[in-house]
**Student:** 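Sharing a structure with you now.
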Number of protein chains: 2
Amino acid sequence: MDYAEFKREIHVSKDDICREIFSENRKSIRVKKEMTALKNLGRIFDSALRISNKKGFQAMSMRDLSKEAGLSMGALYAYFSSKEALLEIIQRQGRAITQRILKKSVYAENGSVARLRAAIRTHIYLSEIMQPWFYFSYMETKNLGEEESKKAIASELFTEQVIVDILRQGRDEGAFVPLDSQLAASVIKAMLQDWYLKRWKYTKRKTSVDQYARFVTDFVEAYCLSPGFAVS
Amino acid sequence: MDYAEFKREIHVSKDDICREIFSENRKSIRVKKEMTALKNLGRIFDSALRISNKKGFQAMSMRDLSKEAGLSMGALYAYFSSKEALLEIIQRQGRAITQRILKKSVYAENGSVARLRAAIRTHIYLSEIMQPWFYFSYMETKNLGEEESKKAIASELFTEQVIVDILRQGRDEGAFVPLDSQLAASVIKAMLQDWYLKRWKYTKRKTSVDQYARFVTDFVEAYCLSPGFAVS
DNA sequence: GTCTATATACGGATAGAC
DNA sequence: GTCTATCCGTATATAGAC
């Protein structure tokens, strides 16, 4: 499966995401007309990610956001109760989507090699679609409060655990060489994250997302795969 | 060479660093008594890194810093002219040290395989010694001004280029398989950076720096090394 | 639902005493 | 060389008009 196909099959358009956010935050959102709310939520999140990813969430003032989103200060506060609440909504929603898509894609496969490939490919493709969110999430984790910070760490470990489980399965199947699954999963995750953390670099070099996913897959398999094992 | 040996041979104690900062910023530092200046610079940088790495440089107020460093607001400003200037001094100094040590260590070797191992090991060991700085530098790059931001990017690319050059040399020598040197260098760098970016994870798991360096070296060599090539 | 105007607090930076 | 006290801009958040 290449990126174009992945994008067609998956449903995470801006509209889908806003609809989810809207229905999950009905209580705190004072705007009740769905059409208006969806339109403005989209503008708010886009603007917040754009400004934050340029100069940091803390450095983004509500006036900045208000200007970029085309809404007044007062209107903004009809959609969230405080700047911190906005941060948490963004983080929560992205995490939920990531986990849902990753699980579904990995467990659609059965063999360990196929699952490993699916995990690598899906993470990279998803972070391509939602690059601003992935970057934001990584850089702003430490600005979260106690409670939300724990959830963010749990989410980071969840992704890693998906890979650990695949590696263990592969070791048991004889498909992978004996290896330290946890350490291997850590460095694999680091490679996946580089795609959205250094996006400026890859864009400048015209490295395509398919090219990157392919490269990482080959790199990882050179270490993990048992030499003689037949890949189905 | 293991971490203990590396640490003994290299001279980057807090005192060394402060002395360098002091002599390079004589103009802007109003405190002239060296002993006093070194002591306070040490406290200021330690505190600034500690607070910033917990909640971000922007979120750190000068009052926070003043309290943590045990100096009054007025006294702080005898050591730097503005909060932004403080940020730039920290970034500049760390970059200079990193480049110096990395160059020296890599070019002390001759063969491509030895150089690749030296680059991996040195980067990981150095980021272990200066972990707070490396983390800070990574997370706060986007808060720099235009001018300093360019230098930070140049520095990021410098490290990568060191690895690219080694990989090309190895390809020419026949030690490495044909590979995309630039892409390979990118993902290798990502693995090196994970050591200081996810330090909390590795500390919790009691992964030692020697263990990590060894693992990354093996992982990279599984992909890069030509199967039959004799490593000296 | 959205706006403008404003309350209130906190930020960086400095003046001037010691 | 360091401190305390203070200036002044800007931040978040809200009240109340439309």
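What you see is a predicted model; the values in this text were computed from it and never measured. Throughout, protein chains are lettered first and strands after them, A, B, ... in sequence-line order, and every chain is numbered starting at 1.
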**Student:** Between B/K83 and A/A75, which has a closest nucleotide on DNA chain C that is more 5'?
**Tutor:** A/A75
**Student:** For residues 45-53 of chain A, which residues have at least one heavy atom under 4.0 Å from DNA chain D?
**Tutor:** none
**Student:** How close do B/G56 and A/N143 get, counting heavy atoms only, and between which atoms?
**Tutor:** N-OD1, 4.5 Å
**Student:** What is the first contacted nucleotide of DNA chain D and what is the last, in 5' to 3' order, if contact means an atom lying under 4.0 angstrom from a heavy atom of chain A?
**Tutor:** D/dA11 to D/dT14
**Student:** Give the rounded distance in Å between these two atoms: CD of B/Q58 and C1' of C/dG12.
**Tutor:** 12 Å
**Student:** Could you pick out which residue, B/K32 or B/M73, lies toward the 5' side of DNA chain D when each is mapped onto its nearest nucleotide?
**Tutor:** B/K32
**Student:** Above 12 or not: heavy atoms from other molecules or residues under 6.0 Å from CZ of A/R214?
**Tutor:** no
**Student:** Out of B/Y3, B/Y202, B/W200, B/F215, which residue meets the ring-ring contact (aromatic ring centres under 6.0 Å, His included) rule with B/W195?
**Tutor:** B/Y202
**Student:** With a non-hydrogen cut-off below 4.0 angstrom, is A/Y79 in contact with a base, only sugar-phosphate, or nothing?
**Tutor:** sugar-phosphate
**Student:** Touch check for A/S61, heavy atoms < 4.0 angstrom, all strands: base, sugar-phosphate only, or nothing?
**Tutor:** sugar-phosphate
**Student:** Please report, rounded to the nearest Å, how far the P atom of C/dC10 is from the CG atom of B/D64.
**Tutor:** 12 Å
**Student:** So, B/D2 versus B/Y125: side-chain donor-acceptor pair below 3.5 Å or not?
**Tutor:** no
**Student:** What I want to find out is whether B/E5 reaches B/R121 closely enough, with some N-O distance under 4.0 Å, to be called a salt bridge.
**Tutor:** no
**Student:** According to the interplanar angle, ranging from 0 to 90°, do the rings of A/Y77 and A/F80 count as parallel (below 30°), tilted (30 to 60°) or perpendicular (above 60°)?
**Tutor:** tilted
**Student:** Would you please classify the geometry between the A/Y196 ring and the A/Y138 ring as parallel, tilted or perpendicular, with 30° and 60° separating the classes?
**Tutor:** perpendicular
**Student:** Tell me the closest heavy-atom pair linking B/L144 and B/S149, and the distance in Å.
**Tutor:** CB-N, 3.9 Å
**Student:** Between P on C/dA7 and OH on A/Y77, what's the gap in Å once rounded to a whole number?
**Tutor:** 17 Å
**Student:** Given atom CD of B/E84 and atom P of C/dG11, what is their separation to the nearest angstrom?
**Tutor:** 18 Å
**Student:** Could you tell me whether B/R63 contacts a base, only the sugar-phosphate backbone, or nothing, with contacts defined as non-hydrogen atoms closer than 4.0 Å?
**Tutor:** base
**Student:** Can you label the angle between the A/F136 ring and the A/F57 ring as parallel, tilted or perpendicular, going by 30° and 60°?
**Tutor:** perpendicular
